[in-house]
Student: 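Here it is, the structure in full.
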Amino acid sequence: MWVLHAPQPFQPPAASSSPQLSCVARSHTKPPLCSITLNPAIATAKDGANNNRLIQSLCKQGNLKQALHLLSREPNPTQHTYETLILSCIRHESLSHGLDVHRHLVHGGLDQDPFLATKLINMYSELDSIDNARKVFDRTRKRTIYVWNALFRALTLVGQGLEVLSLYRRMNELGVPSDRFTYTYVLKACVASECLNSLLWKGKEIHAHILKHGYEAHVHVMTTLVDMYAMLGCVAYAASVFDGMPTRNVVSWSAMIACYVRNERPFEALELFREMLNKTNDLSPNSVTMVSVLQACASLAALEQGKLIHGCILRRGLDSILPVFSTLVTMYARCGKLELGQRVFDQMENRDVVSWNSLISGYGIHGYGKKAIQIFKEMIYHGVSPSHISFISVLGACSHAGLVAEGKMLFDSMVKEHRIYPRMEHYACMVDLLGRANQLDEAAKVIEDMRIEPGAEVWGALLGSCRIHCNVELAEKASKRLFELEPRNAGNYVLLADIYAEAQMWDEVKRIKKLLEAPKLQKVPGCSWIEVRRKMYSFTSVDEFNVRSEQLHALLLKLSTEMKERGYVPQTKIVLYDLDEKEKERILLGHSEKLAVAFGLINTKSGETIRISKNLRLCEDCHSVTKFISKFANREILVRDLNRFHHFHDGVCSCGDYW
DNA sequence: CTAGGGTTAG
């Protein structure tokens with residue numbers, strides 16, 4: 001066995017502004033500490049036991065300052081006294097007093113007590129002072145599992161997963177056995193790390209340790225394992241761990257449901273929820289479960305399902321919980337029922353910034369930019385400070401509505417008025433806003449002037465705008481960077497090919513299509529959903545119609561002929577295959593969205609609104625066809641694409657052909 | 001003395 005680097009003697013700093021321990025002030029305001037003049041009777045008390053009791057009771061009363069004063073006169077503070085003091089510092093969020101207590105501990109020689117070292121690490125972790133937590137750990141000679149775990153927890157919380165894993169390795173080499181808590185922390189560390197990928201192998205290794213040490217039936221550990229795989233995108237692994245659990249509780253079920261939602265498999269999320277209700281009698285879903293289930297409904301635009309869940313939430317009395325409320329607002333907005341979202345919002349007794357953000361983004365995706373800005377201002381008026389997500393929401397709303405000047409002003413106000421520094425997403429919003437409005441040079445300038453290294457999001461936004469306005473030159477520049485940053489994202493290649501096709505540069509189209517054949521590319525197939533009588537039906541685009549889609553094809557063909565007589569021109573230029581016009585038209589008719597619309601026309605009553613959601617941006621041909629259909633079939637058609645809602649009515653779309 | 005799932009955006 002080898003020894004860790006020798007603990008250095010701890011030197012208590014002399015002045016209160018400590019050079020040894022880094023004292024970083026917390027951003028939020030601390031509760032005021034009482035400063036009552038010390039009662040001389042207490043100050044001179046000689047009885048140690050009495051003093052200890054007094055210090056503890058002063059802490060309980062929240063009089064930390066006086067407690068510390070008394071501590072300096074007490075030669076023999078007990079472990080319990082120190083514990084009380086440390087907890088009190090956490091409660092008051094007072095790092096400077098925490099440092100004082102620490103200094104006293106060192107002075108009295110009690111800092112080597114592993115129990116108190118654990119408490120100190122927790123304290124520094126709570127007070128956002130990870131460096132001090134680490135120093136305590138380094139100087140503690142007798143490291144119980146509690147001491148290790150406390151540091152693991154602290155490091156995981158600040159995202160230093162790699163450090164946790166390297167310490168975990170050392171711990172194993174030293175022969176210190178892990179316990180159930182250790183496993184939960186190190187599993188979390190595989191997710192909470194500076195490096196985003198490649199920790200899966202480490203997680204699997206820990207998984208093996210867990211099985212080897214007989215924790216395969218431990219609910220907490222196994223649930224954490226499910227969650228780790230979920231966070232790393234390994235749905236199959238998560239499911240197999242979940243399936244193998246001998247006992248499960250609400251948390252395990254919720255973790256697995258959340259796993260499906262997070263990894264864009266909402267159907268499976270809803271299915272598992274149903275299974276949970278049917279298979280388990282003794283446990284019932286709670287607010288956390290409901291949030292995930294609502295998210296699944298939202299992502300599918302499954303309005304009827306969502307309403308059922310809403311009823312379920314009301315019956316179970318989970319409706320006063322803020323996150324549930326916010327998710328309900330989002331669910332209704334994303335299912336195309338903005339007015340119901342607004343109604344839920346109006347009923348909320350208290351609202352936090354997340355509730356406001358839900359509503360703002362709701363108006364945004366429906367194209368009501370001005371309204372979104374108005375709600376943003378209302379939020380501030382109500383004393384709620386915007387978060388960085390508020391800005392993503394409101395800037396996105398400006399973008400959908402083409403409110404360039406307003407968006408610029410809001411962007412400027414971020415730093416000036418709210419001290420929120422733009423992140424990648426904000427820059428992407430601005431590039432999108434300007435680019436969509438055909439101010440491509442300005443959009444490119446935003447990228448040039450960025451204070452951080454431009455990532456895929458901003459280049460992607462620029463390329464998307466080049467697609468709309470057919471700017472080959474800028475598109476080539478953007479895609480060059482984009483291909484370096486995300487070489488496996490097929491969507492980017494398709495965008496560029498679209499642009500070349502629009503510009504009739506067929507050789508270039510061919511060249512890009514060659515690149516698209518690379519097997520490693522991640523292609524997202526176009527997919528649309530429609531809910532009919534509480535059942536979801538999904539459609540993927542087809543190049544050839546088969547027996548099942550025959551009826552839909554016939555209807556679409558008939559509609560197409562009628563529409564052509566009234567001025568519809570198929571946008572065959574977006575078909576990237578080298579085929580004749582007739583063939584291209586056939587391919588256009590096979591787009592998943594048209595299939596879903598046709599299915600909706602056949603399977604819903606004549607006055608009923610057709611609601612469709614799809615996973616990609618709506619193509620121009622589908623957009624134009626849906627406009628026609630809304631007029632000639634006299635139907636309201638609501639389509640949610642990747643970015644926003646299109647509300648088709650009487651031949652017009654709410655996006656104003658700006659999307 | 002410590003532990004597991006969820007809220008808003010794109």
Side-chain angles (χ1 to χ4, degrees), chain A residues 79-80 83 86-87 113-123 125 144-154 156 179-188 218-228 230-231 238 242 245 248-259 261-262 285-296 298 318 321-331 333-334 351-362 364-365 379 386-397 399 423-426 428-429 432 456-458 460-461 464 642-644:
Chain A
Q79 190 192 51
H80 187 228
E83 185 194 2
I86 290 170
L87 292 176
D113 175 15
F115 177 88
L116 289 174
T118 306
K119 294 287 168 194
L120 276 178
I121 292 172
N122 288 339
M123 177 189 80
S125 168
T144 60
I145 192 63
Y146 291 103
V147 176
W148 286 97
N149 287 348
L151 186 71
F152 288 169
R153 174 176 180 265
T156 304
D179 70 359
R180 54 199 195 282
F181 296 98
T182 317
Y183 288 123
T184 59
Y185 295 134
V186 292
L187 285 175
K188 274 189 165 292
H218 194 285
V219 184
H220 271 89
V221 173
M222 295 317 270
T223 304
T224 315
L225 203 46
V226 169
D227 188 53
M228 179 204 69
M231 299 295 280
F242 178 78
M245 287 173 73
R248 305 176 190 134
N249 59 20
V250 199
V251 183
S252 336
W253 283 92
S254 306
M256 194 59 223
I257 292 171
C259 167
V261 174
R262 173 177 293 277
N286 61 18
S287 67
V288 179
T289 325
M290 290 309 190
V291 165
S292 289
V293 175
L294 285 174
Q295 285 176 303
L318 300 170
I321 294 160
L322 219 45
V324 175
F325 249 128
S326 304
T327 318
L328 269 172
V329 174
T330 302
M331 186 275 291
R334 295 197 61 201
R351 300 159 186 152
D352 62 359
V353 67
V354 180
S355 342
W356 286 95
N357 290 349
S358 304
L359 194 66
I360 293 168
S361 78
I365 55 174
M379 169 180 83
S387 66
H388 75 104
I389 291 172
S390 313
F391 279 100
I392 295 173
S393 309
V394 77
L395 289 173
S399 185
R423 306 182 183 186
M424 195 70 73
E425 298 95 316
H426 301 104
C429 285
D432 188 73
E457 293 100 315
V458 289
L642 188 61
N643 303 312
R644 61 164 295 155

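Bear in mind the structure is a predicted one, so any value in this text is a computation, not a measurement.
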Student: So, using ring-ring contact (aromatic ring centres under 6.0 Å, His included) as the criterion, who are the partners of A:W356 when residues are at least two apart?
Tutor: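 Partners of A:W356 under the ring-ring contact (aromatic ring centres under 6.0 Å, His included) test: A:F345, A:H382.
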Student: Is the closest side-chain donor-acceptor distance between A:S125 and A:N122 under 3.5 Å?
Tutor: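 No, A:N122 and A:S125 have no side-chain donor paired with an acceptor closer than 3.5 Å.
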Student: Is the shortest side-chain heavy-atom distance between A:S252 and A:M222 below 4.5 Å?
Tutor: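 The answer is no; the side chains never approach within 4.5 Å.
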Student: Under 4.0 Å between any heavy atoms, over every strand shown, what does A:H218 touch: base, sugar-phosphate, or nothing? Just pick one.
Tutor: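 Answer is base: heavy atoms of A:H218 come under 4.0 Å of a base.
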Student: Test of understanding: with side-chain contact (heavy atoms from CB on, under 4.5 Å), list the residues that count as partners of A:A258, not counting sequence neighbours.
Tutor: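 With neighbours one apart ignored, the set is A:S292.
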Student: Base, sugar-phosphate, or nothing for A:V219, non-hydrogen atoms under 4.0 angstrom?
Tutor: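 Counting heavy atoms under 4.0 Å across all strands, the contact made by A:V219 includes a base.
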Student: Contact class for A:V329 vs. all strands (heavy atom < 4.0 Å): base, sugar-phosphate, or nothing?
Tutor: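 Result for A:V329 = nothing.
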Student: With sequence neighbours left out, write down each residue that passes side-chain contact (heavy atoms from CB on, under 4.5 Å) with A:D352, or none if nothing qualifies.
Tutor: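 A:D352 satisfies side-chain contact (heavy atoms from CB on, under 4.5 Å) with A:L322, A:S326, A:V354, A:S355 once adjacent residues are dropped.
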Student: Could you tell me whether A:T330 contacts a base, only the sugar-phosphate backbone, or nothing, with contacts defined as non-hydrogen atoms closer than 4.0 Å?
Tutor: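 Sugar-phosphate, no base atom in range.
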Student: For a quick check of understanding: with a heavy-atom distance under 4.0 Å over all strands, which category does A:R423 fall into, base, sugar-phosphate or nothing?
Tutor: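 A:R423: no heavy atom of the nucleic acid under 4.0 Å.
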Student: Under 4.0 Å, heavy atoms only, any strand: does A:D227 hit a base, just the sugar-phosphate, or nothing?
Tutor: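 Counting heavy atoms under 4.0 Å across all strands, the contact made by A:D227 is with sugar-phosphate only.
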Student: Which is true for A:E83 with a 4.0 Å heavy-atom rule: it touches a base, it touches only sugar-phosphate, or it touches nothing?
Tutor: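 Contact class for A:E83: none.
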Student: List the residues meeting side-chain contact (heavy atoms from CB on, under 4.5 Å) with A:Y146, not counting sequence neighbours, and say none if there are none.
Tutor: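 If we apply the side-chain contact (heavy atoms from CB on, under 4.5 Å) test to A:Y146, skipping adjacent residues, the hits are A:T118, A:T144.
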Student: Would you classify A:A258 as touching base, sugar-phosphate or nothing, given that sugar-phosphate means primed atoms plus P, OP1 and OP2, and contacts are heavy atoms under 4.0 Å?
Tutor: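 Sugar-phosphate contact only.
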Student: What is the nucleic acid contact for A:R153, judged by heavy atoms within less than 4.0 Å: base, sugar-phosphate only, or nothing?
Tutor: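 It contacts sugar-phosphate atoms only.
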Student: Look at all strands and tell whether A:S355 reaches a base, only sugar-phosphate, or nothing, counting heavy atoms closer than 4.0 Å.
Tutor: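 It contacts nothing in the nucleic acid.
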Student: Please name all residues satisfying side-chain contact (heavy atoms from CB on, under 4.5 Å) with A:Y185, sequence neighbours left out, ordered by chain then number.
Tutor: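 With sequence neighbours excluded, A:Y185 shows a side-chain contact (heavy atoms from CB on, under 4.5 Å) to A:N149, A:F152, A:R153, A:F181, given in chain and number order.
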Student: A:S252 near the nucleic acid: base, sugar-phosphate alone, or nothing, with a heavy-atom cut-off under 4.0 Å?
Tutor: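 Base: the residue A:S252, judged by heavy atoms under 4.0 Å, touches a nucleobase.
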Student: What is the first contacted nucleotide of DNA chain B and what is the last, in 5' to 3' order, if contact means an atom lying under 4.0 angstrom from a heavy atom of chain A?
Tutor: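 Terminal contacting nucleotides, 5' to 3': B:dC1 to B:dG10.
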Student: Which part of the nucleic acid, if any, lies within reach of A:D179 when heavy atoms closer than 4.0 Å are counted: base, sugar-phosphate only, or nothing?
Tutor: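 Since a base atom lies under 4.0 Å of A:D179, the category is base.
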Student: Could you check whether A:N249 gets within reach of a base, just the sugar-phosphate, or nothing at all, counting any heavy atom under 4.0 Å?
Tutor: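 Base contact.
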